[in-house]
Amino acid sequence: MIILEHVEKSYSIGTEKVHVLNDVSLEIADNSYVSIVGPSGSGKSTLLHTIGGLEPIDKGKIYVDGAEVHTMKDADSAQLRLNHIGYVFQQFQLLSTATALENVMMPLLTIFRSKEVRDRAEHALERVGLSHRMTHLPSRLSGGEQQRVAIARALVTNPSIILADEPTGNLDSKTGENIIQLLEDIHDTHNVTIVLITHDDEIAARTTRRIRLLDGKIHEDDTEENRFDKTFK
Ligand code: ADP
């Protein structure tokens with residue numbers, strides 16, 4: 001479960017202060033499938049980063065699976081991400097000098113013994129359909145395959161939440177569709193909450209809840225139920 005209460009976030013650029021999140025309150029239940037949409041600069045990535053404890057907030061409260069993210073020090077928020085959250089980025093963010101398998105092993109290195117790390121990473125790569133690409137460097141993989149490696153890396157710690165920042169933004173539409181199907185399959189089979197940022201209306205329409213940001217505020221929060229209400233009432 002993700003809870004945000006009256007979250008405020010600003011960045012200082014020189015003497016200027018830019019308010020990026022303005023009084024954002026939000027609850028995302030376990031096993032949700034949510035998209036965050038809105039124009040460029042509306043605060044979508046910042047919202048995702050604050051949930052993952054990657055960006056401190058100025059005011060308000062954030063809870064992830066009961067943990068108080070807003071009071072966490074860096075080491076605690078790293079632990080939170082390790083135990084609860086998998087991240088997927090538009091640019092894949094793989095280590096270019098490491099193979100697919102090594103990239104997926106990375107988050108586990110401090111937690112498990114080497115045999116278990118390897119077994120888990122292999123299993124995660126199988127899960128995303130890449131058992132035949134384990135020893136490839138990212139440069140030898142297609143964009144879609146690189147994103148699958150990144151999803152395996154997000155999945156390997158058994159998170160309850162996957163935060164995906166425009167996961168299809170660097171992919172052609174067919175490959176993007178396959179990546180969304182994979183995330184949906186993970187959502188269905190592992191009961192993982194997926195929160196994804198997208199500019200693609202078709203992808204947003206597939207999610208069961210669509211949150212639209214405008215100037216750092218929640219402009220619209222559209223669930224399947226109220227879409228139904230709007231259509232039939
Ligand atoms: P979106 O994901 O909707 O495009 P962002 O959350 O990336 O929006 O950015 C919202 C605003 O915050 C933008 O005006 C952006 O320039 C600003 N911003 C984001 N990150 C930083 C940063 N590290 N330092 C200063 N300003 C930032």
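Keep in mind it's a predicted model, so treat the numbers as computed, not measured. What you see below is based on every heavy atom in this structure, not just the backbone, and it leaves out hydrogens, waters and symmetry mates. In each ligand, atom 1 is the first atom listed, and ligand 1 is the first ligand listed.
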Exercise. Under 4.0 angstrom from atom 16 (O) of ligand 1, is there any protein heavy atom?
Worked result: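 Under the 4.0 Å cut-off, atom 16 (O) of ligand 1 has no protein heavy-atom neighbours at all.
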Problem set entry | Flag: protein heavy atom within less than 4.0 Å of atom 22 (C) of ligand 1 |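 Yes, at least one protein heavy atom sits under 4.0 Å from atom 22 (C) of ligand 1.
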For this session: Mind jotting down which residue pairs meet the salt bridge (charged side-chain N to carboxylate O under 4.0 Å, His left out) criterion with at least one end in residues 166-176? Sequence neighbours excluded, please.
Result: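 For residues 166-176: none.
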As an exercise, identify every atom of ligand 1 less than 4.0 angstrom from a heavy atom of [X].
{"X": "S40", "value": "4 (O)"}
{"X": "P39", "value": "3 (O)"}
{"X": "V20", "value": "10 (C), 11 (C), 12 (O)"}

Exercise. Is there a donor in the side chain of D58 and an acceptor in the side chain of S10, or the other way round, less than 3.5 Å apart?
Worked result: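 Result is yes, a qualifying pair exists.
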Exercise. Is there a donor-acceptor contact under 3.5 Å linking the side chains of R127 and H190?
Worked result: yes
Exercise. Does a side-chain heavy-atom distance below 4.5 Å link L155 with I186?
Worked result: yes
Problem set entry | Under 3.5 Å donor-acceptor, R81 side chain and G86 backbone |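 No, because the side chain of R81 does not come within donor-acceptor range (under 3.5 Å) of the backbone of G86.
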Distance to 0.1 Å, residue and atom name: give those for the protein heavy atom nearest to [atom].
{"atom": "atom 5 (P) of ligand 1", "result": "T46 OG1, 3.7 Å"}
{"atom": "atom 1 (P) of ligand 1", "result": "G41 N, 3.4 Å"}
{"atom": "atom 2 (O) of ligand 1", "result": "S45 N, 2.8 Å"}
{"atom": "atom 19 (C) of ligand 1", "result": "Y11 CE1, 3.4 Å"}

Exercise. Among the heavy atoms of G43, does any lie under 4.0 Å from an atom of ligand 1?
Worked result: yes
Exercise. Which word best sums up how the rings of Y63 and H70 line up, parallel for under 30°, tilted for 30 to 60°, or perpendicular for over 60°?
Worked result: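 Y63 and H70: perpendicular rings.
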For this session: Please check if atom CD in E202 has more than 12 non-hydrogen atoms from other residues, nucleotides or ligands closer than 6.0 Å.
Result: no
